[in-house]
Every structure is written in structure tokens, then in C-alpha cells.
Amino acid sequence: GQRRAARRTIQEVESVRYELARRLGELFSLQELAYLLSESLQLDRIVTQVARYVIRFLDVKGSVVALTGDAGAPIRVAAADGSFATLAGRTLQPDEAGIIAKAIAEERLQVIEPNPREALPRVAGFEVQSAAAAPLRAHGTTVGALVVADHTGGPFRDEDLRLLSTVATHAAIVLANARFFDLIRAGKEQWETTFDALTEGIAVADENGRVRRANRALADLLQRPLPSVIGLDLSAEVVGDSPDVSTLFAAARAGAQRAGITIQSDRLGRLLRITAAPLRGAESDGWVVALVEDVTEQKALETQLIQNEKMVAVGQLVSGVAHELNNPLTSIAGLSEFLLEQGAPNEREREHLRVIQEQAERAGRIVRNLLTFARKGPADYGDVDFNDIVQRTIMLIGYELKLRDVQLEIRLSPNLPAVRGDRYELQQVVLNLVTNAVHAVADNPGEKPRRIVLSTGVSQGNQVFVRVEDNGPGIAPEHLSHIFSPFFTTKDEGQGTGLGLSISFGIVERHGGRLSVERSAGGAVFLMALPAATRDGGAAQGARASWPGTPQSEAGAEPPSPKDILLVDEDPAVQRMIRALFSRNGQRVEAPPDAEEAVRRLESRSFDLIIADPRAAVSAGESFATVLLKRWPELRSKTVLVTGDVRPEINEWLMGLGCSYLQKPFRIAELKAIASKIAGSQSS
């Protein structure tokens, strides 16, 4: 009995010794795992180490570390080793992951035991003798599962499963920490990237106003390397000694909400907007976050936008005034032309009539020039005569030249080739150059005569040019390289936006030309040069547009004339002029009091010629031209439309109607020519 008891005691001691050795081995192995996992916080390295470790530690043939995202999201095999090595990097749907998905979903250990009567079970498509999956759970969150398969010692024992769970718990904590570290690092990098990517300057200033943190935009604004900005007095570096900025920062430290301030920085030569807010935190009491925006260009653009809005309003006003002016100008020019045709009693009176006619036509050209210069729309390229542009520009700026006592000398080259371009954009450039020259000589304190020389010509390379030279103070050498830069101006604050020459430079460049500047002995010279048009011929100086239906009568032949004429125009002066023109040789002119009466007369009888204001209202929403061409389209060839509305959209509408048309003021010779052609087509 004693021997049996002794043997039992020895067996128990051996069992305890074995268990102790196994537990010590597990402890050393876990210590080794802890050491391995503490080497890095890189997620990929951690999962690789865990997959390799459990194969050796648990004596299995394959291992998988699977990670998951949100519920229902695919499972990613972050690492795999042994018989599962080919699974590394794959993405598994929950329905194909099997035991892996089950361990994650139920958040507890899952085991597959071998069964000789059944087919071998599968894990993610791999046949296994046995497998176990422990959830990777830490901080109350399941981040994945640790899977081992095919234990070499047969079925998994309880101690194997307990050890697998222990390893999974350690690994889960380290993986969760690695994920948190990655999130923090990514957030920090994203914040720093955003901080430096902002175009506005940002600074964190301490209770003494010293910069503790700044972004690259602030360093660029201060024209300093970023590291050298740290420690600077923020207010002193940005705007100098400013009580307004000091008050703003003091209010932010006190937690008061204050709107930002806009202040001119003489130190930086820029207009700045500064806002401040307190920085919350126990260790940053009294610190503020300051936002420094450079709004110089923004303010200049706002000024330009306001100016553009004013120009739009002026354009609308001019359109309305032009419509009202064109009717009396038509009557003045037409009646004076008519009286000249009749023959005045003596040459002195004929000269008076010629002056009246010329001045009326001059007023009409000024109105048209103002409207066409101010018109908006896409560029309309065609042959352009620089001489014509110069003459039109002088007409626009003539009064200012007299007002400022500036002498303008014009030197136009004869037979100047045409250039290809948009006449209104090119006129804008010439007007801007001349206006700048006027301002330059007007501000010249010298006593010499204020003089501008405006010339045209052709240079080498078949370049057609406009040259503007003044005897003003000139341009400082240090300003020459910036003269065409946006927002650069030498004028006093509020006197200019610095956009005129920049816009002009862009216009000329779009036309394939060059705008340049040079200093002269006593002033400045601006030269706009464009290549001559490739096709023959240029725009004729002073030529009026040819109107539809202008006849080519044989020399000496008496042009035919219409007998019955319907006149639809409510202006009495226009009616008087048309009656005087056509009430001869048995011609009859009927001028109904309104457009509705004109329609009724068309219903009762026919006319050889219809002269009408197309916008005359027949009824609400319908014009006379619309009603006429809708009800009597055959009268299109007998109709001449005359209008004082010179807006571009009206011109396009008139062209679309297909009738002959004239814009007021017009010459009576033009109207007579169209009327003769209409009468001739009816008699032939």
C-alpha cells in the first residue's frame, strides 16, 4: 500500500512539475509575444508577428489574422501564415468566411473538431482537420479574429484554446492601440497638411502675443522662413504698433465675441483682415488663434465690380437717352438734308443748313460710339481700321482733353492696313492708354505744355501699331517690370484699381499682338502692335454700314418712287420729315395716330411702301412688326423698319425679321434709295 501511495505521489509531483513547466513555457512565450508586440505600433508588422507566433507557439499548420470594419463590411485578411499563407491580403465576404465571421459576430471562441463520418470542414475555402477562432476584442470593441488550424497534436485541448484566447486578448489590445495611433497620426498629419494648405495666415499667440505656432501662408505673408516666425511679436510683425489689433487680441483672451478688423499694414504694404478667437485648454490660458487674411486684391476686385456695375447702369441710361435723342436727330438731319436738296435762296443760308446737318450727324455718331463702346457680348472679330478707332476714341475723350488743358497731336498714317480683331475691345485699349496719358500729363507739376502724341503706322514685320506718347513725369525704372501686373498702380489709394493696363495687356495678347511700354526723354510711350490682316483690304474710314436693299441706279436715270406710303411712327417730327420727303409728285403719305389704326388701314387697303417703327405697340405684348409679318408676310419686301433703339439685341431681332431696316438717325438718301428699290421691284 505504501508503494502504491508513493507511486501516486510521484505521479502527482510529475504532473504538477509538467503543468508548472508548461505554464512557465506559456508565461515565457507570452512574455516573448509581449516583447514582439511592443517593438512597433505599425499595424502590418503587428499582425504579421502574431500570425507567425501562434503557428510556433500553438504548434499548428496555419494561422490567419482577420480584421473587420463596420457591421456587414467585408473581412480583410491582414496576415496569414503556414497553410493559409495565400489568403494574405484577400477580402472575404461574411458568408464565405465561415468560422471567422462567426467568431466576430458572436464575439466568443469558435472550434471545429474533426469528424470521420463527415467531409472535412472548410475555412475560407481551405479544407482543415480542425480549427479554432478567437475574437480580437479590446476596449469593448471587436476588431477581428485570430484563427488557427490543424493542430499537429490532434484535437485542440482546453489549455490550447485558453492560450489562444489569451494571445488573442493581448493581440487585440495592441491592434486597437495601433489603430488608435494610426488614427491620431493620420488626424495629426491631416490637420498639419490642412493648416499649411490654407491660403490665409494662421498663428497661435501666447499671452504675451508671441507666435507659438504658424502656418506657411503667414510666413509667406511676412516674407520669412517658417521656423523664424516662431517667437515673433505677432502684432508688431504684421501691422506694427496698432491699438486696434491689441484691443482685438485682448477681447479674444477675455472670451468676448468681436468682428474682425480690416487694417492697412504699412509694414507689409497690404490691406489685411484680422480675426481672433481664444484657444481653449488648461495649458494655453490667455492664448489666441489669429487669422490674417490678405484682402488687397479682394478689395480691388470689389472696387472694380462696383465700377462695372456703375458702367452697366450708365450703359442702360445711355441706351434710354440714345433712343430719345435719335428721333429729334433724325428730324434735324433729315429736314436739313431735304432743304439742301430743295435749294436755299443764297449760299449763306445753304452753309447754315450744312452746319445743321453736319452737327446732327456728328451728334448721332457720338451716340452710336458711346453705345457700341459700352456694349457687352462675345468678341466679334473682323477687319479693323486703327485710324477709325483713334478717331472714335478722340470723340469720346475730347471734352476731358479740353477740361484738363491737354494738347493732343494726331498723326495718322495713310493707307493703313487693317488688323483682325474685335473693334470694341481694341478701342477699349486705345481709350485706356489715352486716358492714362491724360492723367499723367495733368498731374505733371512742370510748367511745360501738356502734350500727347497719338500716331498710327506700320513697323517692320508688317505690324500695325498705335503709339501713345506723353510728356508727363514718366515711369520710374523700378516700376517698368510691374506696369502690366494686375492690381499694380502708382496712383494714390482710391484713385485706381491697377487693372486697366493688365486688362489691356490681356486683350492685345488675345489678338496675337503686343503691348509694350518704354521711357522717353520726357514722359512715357505705350505701343500697341498687331499683325496686319492677311486678306486684302481694311475697314474704310468713316464708312456707314450698307443697309439692305440699297439700289444701284443707272447714271442719269430717275429712280422710281412709291405712290401710297403708310408711315407708323408716333414722333411728330419724324412724321413731318417723312412727309416732306415723299409728299411730292403725287405721292401720298398716311400717318395713322397709332399702330392699331395702322393695322386697321392695312386690313382695308394696300400700300406701295410701309415705313414703321417696329416696336410700336399694337396691343399688350405684341409689336407692329410682329403683327405685320404674322398676318401679311407678303409685305416683308415692301416694309422698311426704322428704330431709335440701338441695343444689340434689337439689331439682332431686326436682322431676323428679314425686312430692310435703318437705325436712327439716318440720311434721307438711304431711305430714298431703299424706297426706290422697293418701287422698282414692284414695277418690273
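Numbers here are sequence positions counted from 1.
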Electrostatic pair R420:D383 at N-O distance under 4.0 angstrom: yes

Steps toward side-chain contact (heavy atoms from CB on, under 4.5 Å) verdict (C659, L628): CA-CA 11 Å; C659 300; L628 174 69; 5.9 Å; no

Inter-residue atom distance L671.CG - I611.CD1, 0.5 Å rounding: 4.5 Å

Atom CZ of R601 with >12 non-hydrogen neighbours under 6.0 angstrom: yes

R631, CZ atom: more than 12 neighbouring heavy atoms under 6.0 Å: yes

Pair R600 + E603: basic N to acidic O under 4.0 Å: no

Ionic contact status for R411 with E469, cut-off 4.0 Å: no

Derivation and outcome, side-chain contact (heavy atoms from CB on, under 4.5 Å), residues I678 and V640: CA-CA 9 Å; I678 292 174; V640 182; 3.8 Å; yes

Contact check, side chains of E596 and V618, non-hydrogen atoms, under 4.5 Å: yes

Salt-bridge present (D388, R423; N to O < 4.0 Å): yes

Exceeds 12 heavy-atom contacts within 6.0 angstrom, atom CZ of R270: yes

Side chain to side chain, W632 and V599, heavy atoms closer than 4.5 Å: yes

Under 3.5 Å donor-acceptor, S331 side chain and M577 backbone: no

Short side-chain to backbone donor-acceptor contact, T435 and L431, under 3.5 Å: yes

V441 backbone acceptor or donor facing R451 side chain under 3.5 Å: no

R605 side chain reached by E590 side chain, heavy atoms, under 4.5 Å: yes

Nearest-0.5 Å distance, CG of residue L408 to CG of residue D470: 11.5 Å

Trace of the side-chain contact (heavy atoms from CB on, under 4.5 Å) decision for V517 with F505: CA-CA 11 Å; V517 61; F505 187 88; over 6 Å; no

Donor-acceptor under 3.5 Å (D608 side chain, D564 main chain): yes

Expected output: side-chain Q587 to main-chain P562 donor-acceptor under 3.5 Å: yes

Short side-chain to backbone donor-acceptor contact, N387 and S413, under 3.5 Å: yes

L602 and L635, any side-chain heavy atoms less than 4.5 Å apart: yes

CA sep, side-chain torsions, deciding dist, call: D569, K664, salt bridge (charged side-chain N to carboxylate O under 4.0 Å, His left out): CA-CA 12 Å; D569 196 308; K664 300 175 183 177; 2.8 Å; yes

side-chain contact (heavy atoms from CB on, under 4.5 Å) evaluation trace for L426 with V466: CA-CA 10 Å; L426 295 178; V466 174; over 6 Å; no

